[in-house]
Number of protein chains: 2
Amino acid sequence: MALADPVRRDLLRRLAAGPARVADLAAPHPISRPAISKHLRILTEVGLTAAQDHGRERHYRLLPGGLAPIADLIDELSPRPPFAESALDGLDLEVRRTVREHVGEQTPRTSPHATEETA
Amino acid sequence: MALADPVRRDLLRRLAAGPARVADLAAPHPISRPAISKHLRILTEVGLTAAQDHGRERHYRLLPGGLAPIADLIDELSPRPPFAESALDGLDLEVRRTVREHVGEQTPRTSPHATEETA
DNA sequence: AACATTAGTAACCGATAAGTTACCAATCTT
DNA sequence: AAGATTGGTAACTTATCGGTTACTAATGTT
């Protein structure tokens with residue numbers, strides 16, 4: 001994903017404040033200009049930015065539409081209206097939990113990763 | 001970023017429909033179960049999911065709050081109300097463009113990446 | 001008690017990604 | 001026209017990532 005890289009996110013934030021030349025975009029970053037160039041290419045390829053040449057400089061700007069796919073994903077992952085099924089699953093879990101509770105047990109296993117709750 | 005991987009996005013979509021066991025989460029994917037385990041660890045580390053043990057099975061569920069950071073980013077990148085500065089930059093670009101227009105020029109350079117507009 | 005099932009860890013491998021330096025092209029400046 | 005500025009490409013290096021197989025632990029089943 002294009003948003004995966006912190007440098008790229010930074011570039012986008014900068015561009016959210018308006019178009020900018022490559023040199024200006026690169027300035028705040030400790031990495032080489034070719035590296036910035038690559039990031040800009042990636043952002044452009046996925047439709048998040050676009051460029052316009054003005055003589056020897058190139059102005060990049062944000063294409064807000066490019067965010068749509070991610071926006072879609074996040075609300076696809078927000079079980080807002082129809083959390084009916086979800087609620088049922090939760091009920092199911094609750095039932096099983098309650099049942100096991102009455103037999104008495106602990107759950108160690110091989111130090112599982114961040115199991116937080118061991119209901 | 002955790003959302004960078006398609007498998008992970010799939011797991012999240014599945015979990016959006018309610019909690020699930022690891023085996024069920026792994027089933028639709030052609031990759032090995034340890035690979036799924038890794039993905040689940042990553043998702044859990046960034047706070048997108050959580051797990052509960054039920055005997056020998058482990059139920060993962062979505063933690064909707066985990067999406068906040070990305071949600072924040074996307075609307076941070078949406079120059080909605082204060083696009084005043086942006087508008088000014090655009091104007092500036094337009095001015096320079098217009099000026100150059102009257103001198104006559106083409107812009108080839110070394111086959112730049114997806115320059116689209118060469119105003 | 002023996003076996004099957006569920007799931008995590010360890011160690012390793014190949015591909016990808018992000019960075020570097022060196023170089024070139026085009027445009028502006030003087 | 002010479003030199004400086006701007007920005008992209010090429011080739012390479014290294015670190016990270018996603019995957020694999022082999023193994024182990026714990027729980028459930030018969």
Side-chain angles (χ1 to χ4, degrees), chain A residues 1-11 19-27 29-46 49 51-60 96-97 99-100 103-116 118-119, chain B residues 1-11 19-27 29-46 49-60 96-97 99-101 103-116 118-119:
Chain A
M1 187 187 282
L3 296 184
D5 190 280
V7 175
R8 241 128 55 199
R9 286 193 295 266
D10 250 44
L11 291 173
R21 308 179 311 139
V22 173
D24 295 339
L25 290 168
H29 295 95
I31 66 179
S32 71
R33 206 202 63 276
I36 298 288
S37 236
K38 270 195 200 173
H39 285 302
L40 289 172
R41 175 171 56 210
I42 290 171
L43 290 173
T44 301
E45 278 171 358
V46 302
T49 59
Q52 279 176 276
D53 285 348
H54 290 273
R56 70 180 160 185
E57 25 189 79
R58 179 167 296 183
H59 296 248
Y60 280 89
R96 305 177 63 159
R97 188 188 69 75
V99 170
R100 301 191 73 261
V103 196
E105 75 293 276
Q106 299 88 315
T107 314
R109 209 195 286 267
T110 62
S111 109
H113 57 64
T115 307
E116 71 156 37
T118 311
Chain B
M1 187 187 282
L3 297 184
D5 190 279
V7 174
R8 241 127 56 197
R9 287 194 295 267
D10 249 45
L11 291 172
R21 308 178 311 139
V22 174
D24 294 340
L25 290 168
H29 296 94
I31 66 180
S32 70
R33 207 197 63 303
I36 298 288
S37 237
K38 271 195 198 173
H39 285 302
L40 290 171
R41 174 170 57 211
I42 291 170
L43 290 174
T44 300
E45 277 170 0
V46 301
T49 60
Q52 280 176 276
D53 284 350
H54 289 272
R56 71 180 160 185
E57 28 189 75
R58 177 168 297 183
H59 295 247
Y60 279 89
R96 306 178 63 160
R97 188 189 69 75
V99 170
R100 300 193 74 263
E101 209 94 299
V103 195
E105 76 291 277
Q106 300 90 311
T107 314
R109 210 194 286 268
T110 61
S111 110
H113 57 64
T115 307
E116 72 157 33
T118 311

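The sequence lines fix the lettering, A, B, ..., with proteins before strands; numbering per chain opens at 1.
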Q: Taking only the side-chain nitrogens and oxygens of B:H29, find out if one of them lies under 4.0 Å from OP1 or OP2 of D:dG19.
A: no

Q. A:E57 versus A:V22: any side-chain heavy-atom pair under 4.5 Å?
A. no

Q) Do B:T44 and B:Y60 touch side chain to side chain, with heavy atoms closer than 4.5 Å? A) yes

(Q) What I want to check is whether an N or O donor and acceptor connect the side chain of B:K38 with the base of D:dG19 at under 3.5 Å. (A) yes

Q | Atom-to-atom span, CG of B:D5 to C1' of C:dA17 - whole angstrom | A | 14 Å

Q | Among C:dG19, D:dT29, D:dG19, the nucleotide that comes nearest once only the side chain of B:R56 is considered | A | D:dT29

**Q.** Minimum heavy-atom distance B:L40-B:T49, with the two atoms named
**A.** O-OG1, 4.0 Å

Q | Heavy-atom donor-acceptor pair, A:R58 side-chain to D:dG8 base, under 3.5 Å | A | no

Q | Polar contact flag, side-chain donor to acceptor under 3.5 angstrom, A:R8-A:H39 | A | yes

Q) According to a strict under-4.0 Å criterion, is B:Y60 in side-chain N/O contact with OP1 or OP2 of C:dG8? A) yes

Q: Looking only at non-hydrogen atoms, find the nearest pair between B:L3 and B:R9 and report the distance.
A: O-NH1, 2.6 Å

Q.
Tell me whether the side-chain N/O atoms of A:H39 come closer than 4.0 Å to OP1 or OP2 in C:dA17.
A. no

Q) OP1 or OP2 of D:dG19 sitting under 4.0 Å from any side-chain N/O of B:S32? A) no

(Q) Tell me the closest heavy-atom pair linking B:M1 and A:A4, and the distance in Å. (A) CB-CA, 3.7 Å

Q | Length of the CD1-P vector between A:I36 and D:dT9, whole Å | A | 15 Å

Q.
What contact category does A:A23 fall into here, base, sugar-phosphate, or nothing, at under 4.0 angstrom with non-hydrogen atoms?
A. sugar-phosphate

Q) Rounded to the nearest Å, what distance is computed from the CG atom of residue B:D53 to the P atom of nucleotide C:dT6? A) 15 Å

Q) Side chain of A:A35: nearest nucleotide among D:dT6, C:dG19, D:dT21? A) C:dG19

Q) Once you round it to whole Å, what is the distance between P of C:dG8 and CD1 of B:I31? A) 13 Å

Q: Check whether the side chain of B:R33 and the base of C:dG8 form a donor-acceptor pair under 3.5 Å.
A: yes

Q. Just how far, in rounded Å, is C1' of D:dA25 from CD of B:E57?
A. 16 Å

Q: Would you kindly give the CG-to-C1' distance between B:D10 and D:dG18, to the nearest whole Å?
A: 15 Å

Q | Nucleotide nearest B:V7 (side chain, heavy atoms from C-beta), chosen from C:dG19, D:dG19, C:dT9 | A | D:dG19

Q: Quickly work out the B:H59 NE2 to C:dT5 C1' distance and round it to whole Å.
A: 13 Å

(Q) Starting the side chain at C-beta, find the nucleotide from C:dT21, C:dG8, C:dT6 nearest to A:P34. (A) C:dT21

Q) CZ of B:R41 versus C1' of C:dA10: gap in Å, rounded? A) 10 Å

(Q) Between B:V22 and A:I42, which residue's closest nucleotide on DNA chain C lies nearer the 5′ terminus? (A) B:V22

